[in-house]
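Here is the structure we will look at.
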Amino acid sequence: MPRTVRQHWKIAATLLVFVVVMATVFGSTRIRPYITGDATVIASEITENVQGTVDLFDTTVSHSISVDIDAGDYQTLKDSFQNEGVKESVPADITIDGTLISDVGIRLKGNSTLSTLSNDDGTMPGRGGGNAGADGAAAPADGAAMPEGGGMPEGATMPDGAAMPEGGGMPEGAAMPEGAAMPEGGGMPGGAGMAMFGEPLSFDEPEDLPFLIDFAEYSEGRAYQGHTTLSLRPYTPALNESVSLAITEASGQATQDFTYTTYSVNDSTETTRLVVVAPDDDYANSLHDGDGVLYKTGANASFTYQGDDQTTYAEQFTQINARGTADLQPIITLLKWLDGADQAEFDAHLADYVDVDSLANYLALQNLLGNGDDMGGPGKNFYLYYDLDTKKFSVVSWDLNLALNSDSTAGAHDEVSMIPGGGGAGGGGMPQMPEGFTPPEGMEIPEGGGMPEGGPMLGNSLKDMFLDSTEFTDEYDAAYRTIYDELWASGRVLDIVDEVAASVPTSAGLTQEEIDADAAELKSRLQIRIDALADDPVVTGSS
């Protein structure tokens, strides 16, 4: 035995005993990392902040953006989406208000928004085994056909042999709910149905496609005016998304900055686009005075407890900031509690996990906005913010492109739907088919109505249990009444429409007459909502 070992055998023996004890006592114990420290400390460092010429989100000045994508890179972006349903990032050059930024990352953005983007032959993306172009969505079944200019909501599928009528509209034998009327020219009433997703998108017109711009994708640490990512949104449908963002800000809730710009891709015809801040480290760390972690819920997330293994949730929830010192454990803890909570447990201990006032304000505003694609919609459009001081979650709204676009007469406790006569935005449930609806050959409607099997998953356990609870009715009603009085009854929402419309630039693809018509239509819908809710028991305080 070597002399050094003989001299230090006690140390070696002690270490050996320690390892054996640890393996025996804790060998079968799962070790999970927990959030510690200051979330802002490990925020991604911005080493190159491109200043530009003017503040991009100054709505009092004109803005212009142009994008140049190599033809081969654009084909890669197109092929990956069409063949595999993957939104692949490719390099591009972008010029913002005269400032050129080379080699930024650009990829398709959205779920419901991309539902009208089809393959060259008219079929839906993902036919090669992908996911229909929407994260986690299934490809349509063999024999499915989409209406001209239409698209299925994210996650929806058509059964074998089922086909939508050419030109959209209702299938043969379908009937509208009592009191509903089909608008002139077909489509769904009130801007609902397929039309709610905007004008049909095409890869032949890249200037109309929704893109996410990532300044740091190919140049780590780079940002534009402090933003590492920007979302280029379509102008359509009309002004509803930007006005909804402005209303959310006016309500005092967390939202995203936006601006309008003229826009072109590869010297295309100039169009008008909406630019929205895409949440990143800086955004997450600016939401509250203290420290917190922001999580994005993916469209494929089931929002259910699936065990303690964090890797199970990795593709369902994206951690925006604090990567390295924070993890998904708070999400898992919340889902585990929700999974085992009956209504009594939920009522008694919700406040231990969630900021109740924040949730009540969020849900009240989504109802007022008529947003059927919120945290309970098929796109699961929301973020969760975990406050490291209070150890509680709050909900942050996201992707309001389908808000202010449904039933303007829904009451404070009514379900708000993306489909006339349907549910899914207040109490959950699947949309119900109109009375008298006869499904096309090959389509089977589940017992009790609702969408065919494979349709979009609606509802959210946190939202549904909160709205079903009588324990929190007063909080919800108070939040609803306050927001309605301050923004709707006062007419402030109508002023917001005028303010936003005044910032929209004309382009070759958008005239001033069209902007004015969009603003007038939106104000009309808002006025209908103001009048319809004036006598609502929640608003009057008589509920």
Side-chain angles (χ1 to χ4, degrees), residues 244 248 251 253 297 301-305 334-335 337-385 392-398 400 402-403 406-419 421-432 450-451 456-484 488 529 532-533 536-543:
S244 296
T248 302
S251 76
Q253 298 183 41
T297 303
S302 67
F303 206 76
T304 58
Y305 176 64
L334 173 66
L335 295 178
W337 173 73
L338 283 171
D339 181 68
D342 58 14
Q343 196 65 55
E345 166 68 15
F346 183 88
D347 293 348
H349 294 288
L350 175 65
D352 296 337
Y353 298 87
V354 175
D355 183 326
V356 173
D357 289 340
S358 170
L359 181 59
N361 278 285
Y362 167 82
L363 293 175
L365 181 61
Q366 297 308 305
N367 177 285
L368 281 161
L369 291 173
N371 184 20
D373 197 21
D374 65 351
M375 68 186 296
K380 300 178 179 61
N381 290 310
F382 71 106
Y383 284 76
L384 283 172
Y385 180 84
K392 296 180 183 182
F393 281 101
S394 56
V395 181
V396 179
S397 64
W398 171 246
L400 298 174
L402 297 183
S406 62
D407 184 5
S408 298
T409 64
H413 288 287
D414 288 344
E415 297 178 354
V416 179
S417 175
M418 296 171 61
I419 302 174
M430 299 299 292
Q432 298 298 305
M451 290 291 289
M457 182 185 296
L458 303 181
N460 175 286
S461 56
L462 175 60
K463 171 184 176 178
D464 297 343
M465 292 184 75
F466 183 86
L467 292 176
D468 287 342
S469 171
T470 57
E471 181 70 21
F472 302 108
T473 300
D474 289 344
E475 283 88 345
Y476 175 82
D477 288 358
Y480 198 98
R481 189 159 44 247
T482 297
I483 298 173
Y484 173 82
W488 269 259
R529 188 119 186 84
L533 287 170
D536 188 281
V538 171
V539 169
T540 62
S542 59
S543 60

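The distance from atom OG1 of Thr297 to atom CZ of Phe303, rounded to the nearest 0.5 Å, is 6.0 Å. Atom CG of Asp357 is separated from atom CZ of Phe472 by 10.5 Å, given to the nearest 0.5 angstrom. Rounding to the nearest 0.5 Å gives a distance of 8.5 Å between CG of Leu467 and CG of Asn367. Note that CZ of Phe466 is 4.5 Å distant from CG of Leu359, once rounded to the nearest 0.5 Å. Between the CG atom in Asp347 and the OG1 atom in Thr470 there is a gap of 6.0 Å [rounded to 0.5 Å].
Relative orientation of the His413 and Tyr476 rings is tilted, given thresholds of 30° and 60° on the angle between their planes. Under the 30°/60° scheme for interplanar angles, the aromatic rings of Trp337 and Phe346 are found to lie parallel. Between Trp398 and Tyr383, the ring-plane angle classifies as perpendicular under the 30° and 60° cut-offs.
One N or O on the side chain of Asp536 and one on the backbone of Ala412 form a donor-acceptor pair closer than 3.5 Å. Of the possible polar contacts, one joining the Gln253 side chain to the Asn361 backbone as a donor-acceptor pair under 3.5 Å is found. Side chain of Asn381 to main chain of Asp373: a donor-acceptor pair is present (N/O by atom type, distance under 3.5 Å, no hydrogens or angles). For the pair Ser469 (side chain) and Met465 (backbone), a donor-acceptor distance under 3.5 Å is absent.
A pairwise comparison of heavy atoms in Asn460 and Gly376 identifies CB-CA, 4.0 Å as the closest pair. In plain terms, the two heavy atoms of Leu369 and Thr248 that are nearest each other are CD1-OG1, 4.2 Å.
Inter-residue side-chain proximity for Asp414 and Thr409 is flagged as unmet; no heavy-atom pair is nearer than 4.5 Å. Here the side chains of Gln366 and Val416 are not in contact, with every heavy-atom distance at 4.5 Å or above. Considering only heavy atoms from C-beta on, Leu368 comes within 4.5 Å of Leu533 through its side chain.
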Is there a side-chain contact (heavy atoms from CB on, under 4.5 Å) between Leu462 and Met375? Walk through the geometry before answering.
CA-CA 9 Å; Leu462 175 60; Met375 68 186 296; 4.2 Å; yes

